[in-house]
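Just so we're on the same page: letters track the sequence lines, and every chain starts at 1. Atoms considered below: every heavy atom in the structure, side chains included; atoms not considered: hydrogens, waters and symmetry mates. None of the values given here were measured: they were computed from a predicted structure.
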Amino acid sequence: MTIRLHDTLTRALEPLHPRDPKRVGMYVCGPTVYDFAHVGNARPVVVFDVLFRLLRHVYGEGHVVYVRNVTDVDDKINAAARANGEPIRALTERTLAQYHADMDALGALRPTHEPRATESIAGMIRIIERLIGAGNAYAADGHVLFSVPSFAEYGQLSRRNRDEMIAGARVDVAPYKRDPADFVLWKPSPDDIPGWDSPWGRGRPGWHIECSAMSEATLGPVFDIHGGGIDLVFPHHENEIAQSVCAHGGTRTETHFARHWVHNGFVMVNGEKMSKSLGNFWTVRQLLEDGIPGEAIRLALLKTHYRQPLDLTDERITEARADLDRFYGALRRTPPEGEGAIDGGFLAALEDDLNTPAAIDLHLKRQLALVNEGRAGASAGLVAMGGLLGLLQQSPEAWFKGADAGGDAEIDALVAARVAARKARDFAEADRIRKQLADQGVVLEDTPQGTLWRRAG
RNA sequence: GGCGCGGUGGCCGAAUGGCUAGGCACCGGACUGCAAAUCCGUUUAUCCCGGUUCGAUUCCGGGCCGCGCCUCCA
């Protein structure tokens, strides 16, 4: 079966036919590194990680190139560094390291390439020069601007026309723009702001140009999938298309740039949109520090289809933890042996526009039932299927007992004492110990193979 | 104001022009020294108003509500 993905360009499900099945290319817009990643940043990372895993499964591990950029030059970065009184480079390095740690905790694989904007300036300048040469851009007042009227297809992705945008504009039009819709490719930098020498003087790139340059450098002018959050459709991806298509001497998006556009929906928290003024920003780091396992956050994100709006709530996270308790509980009682087989229905659900809710609640849960039933090979299948979702890859002991081994020996001793009490049919003592452990958040489970324990969330 | 997305049972959440996923929770039962885990069983739905149709939750129109974007917010 072919993978089908919803394409923002056509607003319909489109079969994925890679240009080269030996080299499937995917570009996803990455973080601007000035602050901790919040759950809204985490959703595209997890969603496209699942797509990456699916593509690797279908086309082979070595045949998928996944690129996620790092935006390390940006006016928000400059402002944050100034506010912190720290060098820009220190801020971006520290934030990127934290980003990596957080995304690792969510079980996201590292992309094949992670180009940085600051290391891609030369490529940006080359594209800007090409655009000027082709009549799609012009220098004015130290800036270089993209001429939107020069690109007839402009607005196709977001389905806007220029009249509507001008009517709705809420920002004053800069005097050096020939057309109100024109956007900045390059802008001058004063001495106290990062800048690079260019044919137009010392300056820095506009926001959109970096992705045009980095995707071209890593994937070539035309590649298969471009992804990101739905809020990037306009203006970022619209402008990126204009730049890249025109720089590649073309007119049509799907023949001169990304062939499929995939966008994930917005995230809300406990029924409200996240905002700094409401003080309800859920950073991944904070959730982890609150003791919520990254895998539970990941599962909570994947239990909603990626294009749907997602309301992340405390209850959803609790439910995801309970799900994982069941999965890992079954794997603990029935350890997997050998290579697992991936259920056809499960794979078909993922190939059908990444239907992770169906894959999880229908197929993965059914596989869990098979494990509990004692079906041969079911455990290995469960782990293999989980692997496509980036789930169930740790040992059950690690899941239940946590990385923190402190206190394990003490618990083991109490469990042993209770086992002895039960053997002596001293149930009062056995129950006393159970209660004592329960008060510590430790839940016991007597099985034919012995007594197991776990730390409850 | 313009453009776009969404509104399914207590909660979550797919799918679909008719054959009415699934999960979680709840309740009942089995099992268990007691639990936990597991298994079995019961219950609840398609925002409102029109239209098309033999038949709509699904298609079309209108309304209400929530959300996003409208030049640098994932």
Side-chain angles (χ1 to χ4, degrees), chain A residues 8 11 28-32 37-45 47-48 71 74-76 146 148 155 158-161 163-171 173-174 177 180-184 187 205-210 227-236 238-239 263-268 271-276 300 303-305 307-311 313 315-316 318-320 322-323 325-326 329-330 332-333 349 352 355-366 368-369 371-374 422 425-428 430-431 434-435 438 443-447 451-454 456:
Chain A
T8 309
R11 312 281 160 118
V28 176
C29 289
T32 301
H38 58 254
V39 290
N41 299 305
R43 170 126 93 147
V45 172
V47 164
F48 289 103
T71 298
D74 177 276
D75 288 352
K76 288 196 297 294
F146 185 89
V148 168
S158 57
R159 306 212 167 175
R160 289 159 202 264
N161 64 52
D163 296 340
E164 288 161 1
M165 291 185 295
I166 294 163
R170 64 182 179 191
V171 173
V173 175
K177 287 188 180 182
D182 292 351
F183 57 90
V184 172
K187 53 191 170 186
W207 175 33
H208 319 295
I209 194 67
E210 60 171 272
I230 193 161
D231 55 320
L232 294 180
V233 171
F234 191 89
H236 185 232
E238 196 72 75
N239 292 353
H263 292 97
N264 63 272
F266 216 71
V267 178
M268 298 200 304
E272 301 180 305
K273 57 183 170 182
M274 282 193 293
S275 76
K276 289 194 170 161
K303 283 180 70 156
T304 296
H305 183 87
R307 283 193 283 118
Q308 289 289 106
L310 166 59
D311 184 13
T313 61
E315 292 72 30
R316 286 182 67 93
T318 303
E319 186 178 315
D323 286 337
D325 280 341
R326 289 197 184 86
R332 174 152 73 164
R333 291 186 299 272
D352 183 17
N355 191 343
T356 52
I360 292 165
D361 277 337
L362 190 58
H363 302 289
L364 209 60
K365 289 282 174 79
R366 188 201 294 148
L368 170 65
V371 175
N372 286 329
E373 225 169 74
R422 288 183 72 217
R425 302 199 66 79
D426 181 356
F427 296 120
D431 288 347
R434 178 197 288 288
K435 176 75 166 48
V443 177
L444 301 182
E445 186 177 332
D446 295 323
T447 77
T451 298
L452 305 175
W453 63 266
R454 66 171 192 264

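Residue A:K187 is classed as a base contact, given a heavy-atom separation below 4.0 Å to a base. A:V45 comes within 4.0 angstrom of no nucleic acid atom, judged by non-hydrogen atoms across all strands. As judged by a 4.0 angstrom heavy-atom cut-off over every strand, A:G40 is placed among the base-contacting residues. A:H38 comes within contact range of at least one nucleobase, with a heavy-atom separation under 4.0 Å.
B:rA45 and B:rG10 have their C1' atoms separated by 12 Å, given to the nearest Å. Rounded to whole Å, the P atom of B:rA21 lies 30 Å from the corresponding atom of B:rA30. Using atom C1' as the reference point in both B:rC26 and B:rG63, the two lie 36 Å apart (nearest Å). B:rC5 and B:rU44 are spaced 34 Å apart, taking the P atom of each and rounding to whole Å. Taking the P atoms as reference points, B:rU46 lies 16 Å from B:rC12, given to the whole Å. Across B:rU58 and B:rU20, the matching C1' atoms stand 12 Å from one another, rounded to whole Å. With P as the reference atom, B:rC3 and B:rG61 are 14 Å apart, rounded to whole Å. Rounded to whole Å, the separation between the C1' atoms of B:rA56 and B:rC48 comes to 15 Å.
Evaluation of the side-chain contact (heavy atoms from CB on, under 4.5 Å) rule for A:V233 yields A:T8, A:L157, A:S158, A:I230, A:H263 as partners, not counting sequence neighbours. Legend: residues meeting side chain to side chain donor-acceptor pair (under 3.5 Å) with A:Q308, ordered by chain and number and at least two apart, are absent. In terms of the side chain to side chain donor-acceptor pair (under 3.5 Å) criterion, A:H363 has no residue partners (sequence neighbours excluded). A:V28 meets the side-chain contact (heavy atoms from CB on, under 4.5 Å) test with A:M26, A:F48, A:Y66; sequence neighbours excluded.
In this structure, A:L232 and A:C29 approach most closely via the heavy-atom pair CD1-CB, 3.7 Å. Closest approach of A:R316 and A:D311 over heavy atoms only: CD-O, 2.9 Å. Among all heavy-atom pairs drawn from A:A358 and A:N355, the shortest one is N-OD1, 3.1 Å.
Across the interface with RNA chain B, nearest-nucleotide mapping of A:P205 and A:L310 shows A:L310 to be the residue nearer the 5′ end.
In this structure, B:rC59 and B:rG51 make a Watson-Crick or G-U wobble pair, each of the two defining distances being under 3.5 angstrom. Pairing for B:rU43 is absent, judged as Watson-Crick or G-U wobble with the two contacts each under 3.5 Å. With a cut-off of 3.5 Å on both Watson-Crick or G-U wobble distances, the partner of B:rG66 is given as B:rC5. The partner of B:rG17 cannot be assigned: no Watson-Crick or G-U wobble pair with both contacts below 3.5 Å exists in any strand.
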Could you list, one pair per line, each protein nitrogen or oxygen that sits under 3.5 Å from a nitrogen or oxygen of nucleotides 5-12 of chain B, together with the distance?
{"from": "B:rC12", "atom 1": "O3'", "to": "A:R316", "atom 2": "NH1", "distance (Å)": "2.7"}
{"from": "B:rC12", "atom 1": "O2'", "to": "A:R316", "atom 2": "NH1", "distance (Å)": "3.2"}

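Around CZ of A:R11, the count of heavy atoms belonging to other residues, nucleotides or ligands within 6.0 Å exceeds 12. Other residues, nucleotides and ligands contribute more than 12 heavy atoms inside 6.0 Å of the NZ atom of A:K187.
Counting only heavy atoms from C-beta on, A:K273 has its side chain closest to B:rC67 among B:rC67, B:rC69, B:rA21. Relative to the side chain of A:R160, the nucleotides B:rC24, B:rC69, B:rC67 differ in distance, and B:rC69 lies closest.
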Per-nucleotide protein contact along nucleotides 34-41 of chain B, 5' to 3', at a 4.0 Å heavy-atom cut-off (B base, S sugar-phosphate only, - neither), is BBBSSS--

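In this structure, the aromatic ring of A:F266 is positioned over the six-membered ring of the base of B:rA74, centres within 5.5 Å and planes within 30°.
Side-chain nitrogen and oxygen atoms of A:K76 include none within less than 4.0 Å of the OP1 or OP2 phosphate oxygen of B:rC72.
Using a cut-off of 4.0 Å between Lys/Arg side-chain N and Asp/Glu carboxylate O, A:K303 and A:E319 are scored as salt-bridged.
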